[in-house]
Amino acid sequence: MSSRVLVALRVPGPPERAFRVFTEEIGAWWRPSPLFGFTPRGPGVLAIEPPDADAAGRVVERLADGRLFVIGEITAWEPGRRLAFNWRQAAFAPDQNTHVDVRFEAVGEETRVTVQHTGWDSVPPVHVARHALPDAVFSRRLADWWRALLASMGGYL
Amino acid sequence: MSPAAQIDNGGEDEGLGRTLAALADPHRRRVVQILSERPRRAGELAQALALSPPAMSRHLRTLRECGLVEERHDGFDARVRVYQLRPEPMANLAAWLRETEAMWAAQLTAFRDHLLARDAAGPP
């Protein structure tokens with residue numbers, strides 16, 4: 001099974017603008033998710049610090065108490081085209097990491113934004129979800145998954 | 001194992017703990033990745049990972065003990081044994097990936113709504 005998650009959506013305006021708003025205004029549009037909380041002290045406000053001559057740039061979460069949680073360093077910064085960064089949640093073990101790659105492509109007068117999130121196979125869900133994901137949600141997802149699996153196995157039974 | 005038995009959470013933590021320990025090793029993660037394409041013989045796996053047969057055999061035993069992989073006889077030649085993934089232990093990862101997908105779909109929708117609201121408010 002691949003552990004790659006791929007999601008794409010078209011947004012209005014050219015890629016340059018989409019990239020600028022995505023990075024400069026992430027604090028305004030990002031919706032904190034209890035399931036994907038970066039730190040138990042959150043949620044705070046996300047910010048993207050662009051790379052400069054001295055630093056690689058990073059994605060951070062500013063917490064209400066003034067502290068900063070570093071989600072990950074920026075690994076690709078190509079304004080108008082691509083942004084990539086590491087994604088670590090506080091619950092991850094020190095050697096665990098996931099990676100997010102966001103592409104911006106012109107489609108007519110709009111922009112297709114494609115997010116690829118990889119690396120979850122190195123972070124067993126139990127680390128991040130044991131206390132976050134209600135059992136009922138897991139059970140329902142599991143039931144869906146089993147149904148799909150059994151359907152695909154139908155040919156062998 | 002029936003689906004109902006798997007969904008019942010009795011003893012799940014222990015099982016997940018074992019799965020987690022088994023997947024902590026990069027060789028074993030690679031084995032799982034290779035087996036996700038199709039079942040393979042132990043020899044093929046050893047070759048793919050450049051491991052000695054005894055080392056491969058130890059990894060396969062660990063993976064078997066935690067229930068990630070199972071051994072079966074080749075349908076054509078009963079003397080040959082092949083390894084394949086068992087689906088159940090990966091179920092939580094599958095569920096988690098769906099949650100991740102849903103999270104990003106919601107984030108991108110929020111991003112698009114933000115852009116649309118800016119457009120409605122005036123020129124960029």
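Atoms considered below: every heavy atom in the structure, side chains included; atoms not considered: hydrogens, waters and symmetry mates. Chain identifiers are assigned alphabetically (A, B, ...) following the order of the sequence lines, protein sequences preceding nucleic acid strands; residue numbering begins at 1 within each chain.
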Nearest non-hydrogen partners of V5(A) and E101(B), listed with the distance: CG1-CA, 3.6 Å
Taking all non-hydrogen atoms of both residues into account, name the closest pair between L116(B) and P12(A) and its distance. CD2-CG, 3.7 Å
Residue pair [X] / [Y], side-chain heavy-atom distance below 4.5 Å:
X: H117(A); Y: L97(B); result: no
X: E25(A); Y: R118(B); result: yes
X: V21(A); Y: F111(B); result: yes

Please look at A110(B) and chain A and tell me whether the side chain, the backbone, both or neither of the residue comes under 4.5 angstrom of a heavy atom of that chain. both
Using the rule that two of Ile, Leu, Val, Met, Phe, Trp, Tyr join whenever any of their side-chain heavy atoms come within less than 4.5 Å, decide whether [X] and [Y] are in one cluster.
X: L9(A); Y: F22(A); answer: yes
X: L49(B); Y: L60(B); answer: yes
X: L83(A); Y: I26(A); answer: yes
X: L63(A); Y: V60(A); answer: no

Cut-off 4.5 Å, heavy atoms of chain B, and the answer for V100(A) is side chain
Examine whether an atom of L6(A) lies under 4.5 Å from a heavy atom of chain B, and if so say whether it belongs to the side chain, the backbone or both; otherwise answer neither. backbone
Evaluate whether atom CZ of R81(A) has more than 12 neighbouring non-hydrogen atoms of other residues, nucleotides or ligands under 6.0 angstrom away. no
Greater than 12 external heavy atoms within 6.0 Å of E44(B)'s CD: yes
Test your reading of the model: is there a side-chain donor-acceptor pair from Q107(B) to the backbone of W30(A), 3.5 Å cut-off? no
Under the criterion salt bridge (Lys or Arg N to Asp or Glu O under 4.0 Å), I'd like the reasoning laid out for R31(A) against D113(B): C-alpha separation, chi angles, the key distance, then a yes or no. CA-CA 12 Å; R31(A) 297 284 169 268; D113(B) 291 348; over 6 Å; no
Taking the six-membered ring for Trp, are W87(A) and W104(B) parallel (under 30°), tilted (30 to 60°) or perpendicular (over 60°)? tilted
Interatomic distance, L115(B) atom CG to W29(A) atom CH2 [nearest 0.5 angstrom]: 9.5 Å
Would V7(A) and M103(B) satisfy side chain to side chain contact (heavy atoms under 4.5 Å, CB included), going step by step from the backbone distance to the final call? CA-CA 10 Å; V7(A) 178; M103(B) 184 273 293; over 6 Å; no
